[in-house]
Engineer: 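Have a look at the structure that comes next, please.
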Amino acid sequence: MSILNDLLSDLAALLFPPHCAVCGHPLAPGERTVCTLCRATAPLTGYWREADNPVLRRCRDLLPVERASALLFFVHGSGWRRLIHGFKYRGAWRTARAMGEWYGDRLRAGGLHDDVDLVIPVPLHPLKRCRRGYNQSEYIAEGIAAQLGAAVDRRSVGRRRNTASQALRPRHERAGNVEGAFVVRHPGRLAGRHVLLVDDVMTTGSTLLSCAGEILRAVPDCRVSIAALAVSRRELGVKG
């Protein structure tokens with residue numbers, strides 16, 4: 001049966017070769033999700049290896065987070081934007097998992113997240129999750145956790161308000177849109193732990209900071225770090 005499965009997989013790859021999620025070109029043997037050229041030219045931030053960086057400073061203006069970083073700069077109109085929209089709106093959840101693994105590998109190599117106990121994806125409201133079929137941040141969190149050797153916690157933090165999409169809100173309304181949206185359901189699981197809160201895109205940071213703030217209020221001795229797959233360069237005031 002395994003031989004038959006291998007033959008069917010080889011035939012499927014021949015007839016329907018996988019394509020790079022960024023540039024759309026066929027992937028070469030050994031390449032996965034993103035081709036070698038796109039990886040080499042990716043708009044990486046490098047923040048995972050910097051104890052002090054613009055993402056951390058943005059977060060610490062409002063909350064006493066431990067660490068904060070992002071893997072990529074979110075570039076409008078680029079193939080990387082298409083990649084993110086692919087798993088955010090078009091069901092490409094495997095891409096989210098693969099990107100989480102890449103990010104987790106960088107976090108591990110950076111050496112600043114060795115003491116993370118739990119990786120927590122920013123939760124979706126059950127109605128939104130039902131419509132989409134999955135939470136893309138969970139797959140990113142799975143990939144990160146696998147590289148850090150940490151556990152994924154999907155139950156301790158929930159979303160009690162089905163807020164409108166942040167992408168549809170003006171910048172000045174985003175903090176109010178997510179105010180009171182999150183709830184810590186199992187504070188005992190987080191007590192004394194270092195948790196890494198994960199989301200796909202950080203623009204103003206309102207969603208991540210609202211969720212992190214709720215954790216810190218409910219569990220004062222919990223340490224919270226933040227990891228966004230992509231961040232807006234403009235919002236950080238960083239020149240390209």
Side-chain angles (χ1 to χ4, degrees), residues 45-74 103 107 110 112-125 135 137-138 140-141 144-145 148 150 152-161 163 165-167 169-238:
T45 67
Y47 294 161
W48 60 83
R49 57 177 176 259
E50 298 178 15
D52 182 29
N53 64 70
V55 177
L56 180 64
R57 291 194 290 272
R58 165 61 63 87
C59 294
R60 278 194 175 163
D61 284 344
L62 298 171
L63 287 175
V65 299
E66 290 284 310
R67 306 283 186 194
S69 69
L71 179 67
L72 302 162
F73 288 115
F74 186 79
Y103 193 5
L107 290 171
L112 299 177
H113 296 76
D114 295 343
D115 61 343
V116 167
D117 299 300
L118 298 171
V119 181
I120 299 179
V122 170
L124 287 179
H125 189 273
N135 178 1
S137 294
E138 287 187 8
I140 298 170
I144 289 175
L148 292 181
V152 180
D153 185 338
R154 302 174 181 82
R155 298 180 179 274
S156 293
V157 182
R159 199 157 188 152
R160 58 185 167 194
R161 283 203 301 112
T163 56
S165 172
Q166 290 286 77
R169 292 275 174 170
R171 185 182 187 279
H172 64 278
E173 293 182 4
R174 294 188 179 189
N177 185 45
V178 292
E179 184 176 357
F182 301 99
V183 59
V184 177
R185 297 196 173 109
H186 303 288
R189 295 181 182 176
L190 308 184
R193 315 294 290 279
H194 182 191
V195 305
L196 182 64
L197 190 61
V198 172
D199 206 3
D200 51 6
V201 178
M202 177 178 172
T203 307
T204 64
S206 297
T207 300
L208 275 161
L209 291 172
S210 177
C211 190
E214 189 60 37
I215 294 172
L216 290 171
R217 279 189 290 273
V219 194
D221 66 339
C222 179
R223 294 181 295 137
V224 178
S225 291
I226 284 173
L229 183 65
V231 67
S232 167
R233 193 192 300 266
R234 182 178 61 183
E235 291 291 338
L236 293 178
V238 176

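Atom set for the values below is all heavy atoms of this structure, side chains included, hydrogens, waters and symmetry mates excluded.
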Engineer: Return the CG to CG distance between L209 and L62, rounded to the nearest 0.5 Å.
Structural biologist: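 Going from CG on L209 over to CG on L62, the span is 5.5 Å.
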
Engineer: Is R159 reaching over with its side chain to a backbone N or O of A181, donor-acceptor style, under 3.5 angstrom?
Structural biologist: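 Absent.
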
Engineer: For the residue pair F73 and V238, what are the closest heavy atoms and their distance?
Structural biologist: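 Minimum heavy-atom contact is CZ-CG1, 4.4 Å.
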
Engineer: Checking side chain to side chain contact (heavy atoms under 4.5 Å, CB included) for the pair R60/V65: CA distance, chi angles, key distance, verdict?
Structural biologist: CA-CA 6 Å; R60 278 194 175 163; V65 299; 4.0 Å; yes

Engineer: OG1/T207 to CE/M202 distance, rounded to the nearest 0.5 angstrom?
Structural biologist: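 Atom-to-atom, T207:OG1 and M202:CE are 10.0 Å apart.
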
Engineer: So, taking the atom named CZ in F74 and the one named CG in L236, what distance separates them when rounded to the nearest 0.5 Å?
Structural biologist: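 Between atom CZ of F74 and atom CG of L236 there are 13.5 Å.
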
Engineer: Which atom names give the shortest non-hydrogen contact between V152 and A145, and what distance separates them?
Structural biologist: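 Here V152 and A145 meet closest at CG2-CB, 3.5 Å.
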
Engineer: Under 3.5 Å, is there a donor-acceptor pair between the side chain of Y103 and the main chain of A141?
Structural biologist: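 Checking the backbone N and O of A141 against the side chain of Y103, no donor-acceptor pair under 3.5 Å is found.
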
Engineer: Begin from the C-alpha positions of V195 and D153 and carry the test side chain to side chain contact (heavy atoms under 4.5 Å, CB included) through to its verdict.
Structural biologist: CA-CA 9 Å; V195 305; D153 185 338; over 6 Å; no

Engineer: Quick one: side chain to side chain contact (heavy atoms under 4.5 Å, CB included) partners of R234, sequence neighbours excluded?
Structural biologist: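 With sequence neighbours excluded, R234 shows a side chain to side chain contact (heavy atoms under 4.5 Å, CB included) to S232, given in chain and number order.
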
Engineer: Ignoring hydrogens and angles, tell me if any N or O in the side chain of D199 forms a donor-acceptor pair with the backbone of S137 under 3.5 Å.
Structural biologist: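 Checked: no pair found.
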
Engineer: Excluding sequence neighbours, so at least two apart, what forms side-chain hydrogen bond (donor to acceptor under 3.5 Å, both in side chains) with Y47?
Structural biologist: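 Checked Y47 against side-chain hydrogen bond (donor to acceptor under 3.5 Å, both in side chains); zero matches.
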
Engineer: Which pair of heavy atoms, one from V116 and one from L118, lies closest together, and at what distance?
Structural biologist: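 Heavy atoms only, the tightest pair is CG1-O, 3.5 Å.
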
Engineer: Taking all non-hydrogen atoms of both residues, which atom of C211 and which atom of V157 are closest, and how far apart?
Structural biologist: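 Result for this residue pair: SG-CG1, 3.8 Å.
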
Engineer: Which heavy atom in V122 sits nearest to a heavy atom in N135, and how many Å separate them?
Structural biologist: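 Looking at all heavy atoms of both residues, the shortest contact is O-ND2, 3.0 Å.
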
Engineer: Compile the donor-acceptor pairs under 3.5 Å between side chains in residues 213-226 and protein atoms, sequence neighbours left out, one pair per line.
Structural biologist:
residue: E214; atom: OE1; partner: R217; partner atom: NH2; Å: 3.3
residue: D221; atom: OD1; partner: G192; partner atom: N; Å: 3.4
residue: D221; atom: OD2; partner: G192; partner atom: N; Å: 3.2
residue: R223; atom: NH1; partner: D115; partner atom: OD2; Å: 3.2
residue: R223; atom: NH2; partner: D115; partner atom: OD2; Å: 3.4
residue: S225; atom: OG; partner: R67; partner atom: N; Å: 3.1
residue: S225; atom: OG; partner: H194; partner atom: NE2; Å: 2.7

Engineer: Which heavy atom of L197 sits nearest a heavy atom of L208, and at what distance?
Structural biologist: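 Closest pair (atom of L197, atom of L208, distance): CD2-O, 3.5 Å.
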
Engineer: Measuring from L112:CG to L107:CG, what's the distance to the nearest 0.5 Å?
Structural biologist: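 The CG atom of L107 is 8.5 Å from CG of L112, to the nearest 0.5 Å.
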
Engineer: To the nearest 0.5 Å, what is the distance between CG on L196 and CD on E66?
Structural biologist: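 The distance works out to 11.5 Å.
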
Engineer: Can you tell me how far CD1 of I120 sits from CG of L190, rounded to the nearest 0.5 angstrom?
Structural biologist: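 Here the interatomic distance stands at 5.0 Å.
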
